[in-house]
Number of protein chains: 2
Amino acid sequence: MSEKLVFTYNVNNAIREVLSELQYDKCFVLCDENSYVHAGPMLASLHDLLSDVIIIPPTDFHKNLDTLTAVWQRLICGGASRQSLLINVGGGVVTDLGGMAAATFKRGIRYINVPTTLLGIVDAAVGGKTGINFEGLKNEIGVFARPEAVLVTTEFMTTLPREELLSGYAEMIKHALIDGEEHYRDILGCDVINAWSTMLPIIRRSIAVKQRLVELDPREQSVRKMLNLGHTVGHAFESHALAQGTPIRHGYAVAWGLVCELLIAHRRLNFPSAIIYDLARYIERYYGAYVITCNDYNDLYSYLLHDKKNYSGRLNFTLLRNLGDCVVDCHVTQDEVEIALDFYRDLFHL
Amino acid sequence: MSEKLVFTYNVNNAIREVLSELQYDKCFVLCDENSYVHAGPMLASLHDLLSDVIIIPPTDFHKNLDTLTAVWQRLICGGASRQSLLINVGGGVVTDLGGMAAATFKRGIRYINVPTTLLGIVDAAVGGKTGINFEGLKNEIGVFARPEAVLVTTEFMTTLPREELLSGYAEMIKHALIDGEEHYRDILGCDVINAWSTMLPIIRRSIAVKQRLVELDPREQSVRKMLNLGHTVGHAFESHALAQGTPIRHGYAVAWGLVCELLIAHRRLNFPSAIIYDLARYIERYYGAYVITCNDYNDLYSYLLHDKKNYSGRLNFTLLRNLGDCVVDCHVTQDEVEIALDFYRDLFHL
């Protein structure tokens with residue numbers, strides 16, 4: 001069943017309203033140290049409804065089994081039952097790990113997501129992909145479990161650094177590429193850095209692209225794979241950066257990944273090169289470049305081989321024929337990847 | 001979706017047939033040290049189909065996060081993808097933990113259960129309840145995830161000790177109590193100790209009771225709760241015994257739990273006392289008694305309070321009005337429990 005989406009300029013009231021419609025015994029909140037700073041006052045004013053606020057350490061580094069175990073323990077200590085609720089207030093780390101904690105506690109309790117980052121709003125909080133990193137592999141352990149509701153607000157975006165806004169915006173670019181030309185032109189024309197407070201309509205449009213695909217294919221066996229656009233190379237960039245001790249933001253990795261995958265799509269499916277050229281300029285201006293040399297190709301390829309989407313050891317990509325024209329389950333060769341990385345380095349002057 | 005049930009006298013052929021109908025890249029097997037002894041030759045003859053056999057330590061003591069983590073690691077080392085399969089060959093520990101491992105690996109791979117104990121056949125392997133023990137609480141962490149198929153054979157029952165057969169038989173008694181008088185009379189009339197090799201028909205009938213309820217209510221929100229009959233007090237006995245360092249078999253705990261819960265049902269819902277008396281004699285003859293004194297009541301009550309079925313701190317029982325007439329969500333008081341335990345001790349001469 002689909003999560004209920006609530007678009008609001010007053011998240012406190014929206015939480016009260018959503019809770020008033022649910023039957024539950026206790027309500028727990030999960031934050032990380034960062035989101036707790038921003039959401040603390042809001043949570044304080046909801047104290048009459050909350051049994052406990054669980055605070056975990058921030059960043060993807062802590063999206064692991066130790067943190068998940070600590071959350072399970074806190075739920076037990078707080079007397080959580082099968083009828084309890086968990087509200088995840090934070091970015092993708094909190095909603096991914098909190099969703100996993102809820103989905104596995106006593107074989108599943110209900111949860112609500114209140115994403116506090118743009119990336120969380122347009123990507124992580126919706127669609128029920130939960131999980132943790134394991135053995136250095138991103139989201140290697142997880143389950144599909146939809147939240148009861150997702151509260152979407154720009155209230156927390158006032159405090160987001162520019163890089164965080166851009167990180168989320170990369171997923172919006174992806175949704176627009178999947179959706180079609182009109183959406184794509186609107187996205188590249190929008191000033192995310194300065195206009196976030198007026199963005200709720202375009203955010204709604206972006207989430208709608210994702211939710212429509214999740215509805216059709218909740219367990220990612222067919223059309224939901226479209227949402228992996230940019231993420232195959234993107235995840236490889238992320239793993240590569242992490243291994244070098246210089247982690248990069250997910251959205252930045254996706255932005256660079258999108259360019260690489262459009263380059264593969266150009267050779268394979270004739271995706272228009274003019275659009276790639278324009279997008280690369282846009283990405284370079286806002287995101288800069290992820291610096292690689294041909295000495296990194298082998299490492300990048302080995303990360304690609306670990307991608308969850310692969311089948312029988314073959315790389316599985318989502319590619320575009322044109323704006324709004326997506327092809328899933330494309331088996332891409334090592335050669336095609338390396339040629340695209342060559343072109344990527346040319347485009348970004350590396 | 002319902003798991004496919006395959007009743008077979010030749011499990012090797014049945015596995016080959018089930019696998020031939022599935023698309024997958026690699027197939028892994030999970031055993032524990034005990035089931036590997038009995039299933040080893042069968043697995044050896046299937047070596048052409050298997051990528052790896054993962055062996056975990058036996059008993060409920062190892063149905064924990066450490067073992068689960070080790071299984072995830074072995075799947076990664078073996079190159080398991082989302083298109084891989086896991087075949088769980090063993091008792092309830094293997095099918096519960098293996099089901100959980102499969103359900104959470106890369107957000108879920110398909111799995112097949114080959115239960116090797118009677119308890120596994122009639123209870124654990126069917127219905128998609130997976131999980132591990134956590135912080136001393138049974139199945140505290142888990143998910144609902146149905147297997148693709150369950151292969152039911154009496155082939156492994158030749159080597160089962162009498163206590164293992166009886167442990168499974170307690171669940172069959174429970175299914176019969178839920179189903180009605182005819183099934184119940186047939187069950188009490190069957191010689192499980194000597195006649196296991198001819199039991200496939202009555203096993204099929206027993207599983208059908210469970211599968212029908214799971215079909216109607218896979219996530220245990222209504223009628224599936226009927227299957228909890230005997231398990232509320234049963235789990236408390238199990239936890240109590242474990243804490244004393246003298247663990248008891250699950251089915252034995254259920255057998256004694258059934259008597260206690262029928263005693264509650266007698267006072268509350270007028271369940272016929274003659275049936276309780278007969279059943280107590282049957283249970284005592286085959287299972288003996290679980291020895292408690294009134295000094296154990298407080299401990300037992302505190303275990304009852306941790307039951308996953310509780311809501312708002314109230315004990316939630318499944319009770320019977322009569323054979324085949326089940327009432328779920330009965331809120332039982334501490335007094336009612338203690339009176340039933342008094343009667344239980346009388347009935348078993350404790």
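Just so we're on the same page: letters track the sequence lines, and every chain starts at 1. Note that this is a predicted model, so its numbers are computed, not measured.
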**Study point:** Note: A/Glu171-A/Lys174 ion pair, threshold 4.0 Å (strictly below)
**Key:**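 Yes, charged N to carboxylate O under 4.0 Å.
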Counting heavy-atom pairs under 4.5 Å to chain B, which of [options] comes out on top?
| options | answer |
| --- | --- |
| A/Ser81, A/Ala101, A/Gly142 | A/Gly142 |
| A/Asp307, A/Leu137, A/Thr130 | A/Thr130 |
| A/Gln83, A/Gln73, A/Lys106 | A/Lys106 |

Review point. For chain A, which of B/Glu135, B/His306, B/Lys129 has the most heavy-atom pairs under 4.5 Å?
Key: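 Looking at each of B/Glu135, B/His306, B/Lys129 in turn, B/Lys129 comes out on top.
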Check your understanding: Under a 4.5 Å heavy-atom cutoff, which of B/Asp25, B/Thr69, B/Leu305, B/Ile141 has the most pairs with chain A?
Key ->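 Ranked by contacts with chain A, first place is B/Ile141.
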Point to revise | Toward chain A, the part of B/Lys26 with a non-hydrogen atom under 4.5 Å | key: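 Answer is neither: B/Lys26 stays 4.5 Å or more from chain A.
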Exercise for review: Please flag which part of B/Glu140 lies under 4.5 Å from any non-hydrogen atom of chain A: side chain, backbone, both or neither.
Suggested key: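 The answer is both parts of B/Glu140.
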Exercise for review: Before giving the answer on side chain to side chain donor-acceptor pair (under 3.5 Å), spell out for B/His240 and B/His235 the whole-Å C-alpha distance, their side-chain angles and the decisive distance to 0.1 Å.
Suggested key: CA-CA 8 Å; B/His240 181 260; B/His235 280 154; over 6 Å; no
Exercise for review: Search all heavy atoms of A/Ala253 against all heavy atoms of A/Glu238 and return the closest pair with its distance.
Suggested key: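 What the structure gives for the nearest pair is CB-CG, 3.6 Å.
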**Study point:** Ring centroid separation A/Phe134 to B/Trp72 under 6.0 Å
**Key:**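 Close enough - the centres of the two rings lie under 6.0 Å apart.
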**Study point:** Single hit among A/Val122, A/Val126, A/Val150 for side chain to side chain contact (heavy atoms under 4.5 Å, CB included) with A/Pro115
**Key:**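 One option only clears the test, and that one is A/Val150.
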Review point. Hey, what do you get for CZ (B/Phe28) to CG (B/Leu50), rounding to the nearest 0.5 Å?
Key: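 Atom-to-atom, B/Phe28:CZ and B/Leu50:CG are 10.0 Å apart.
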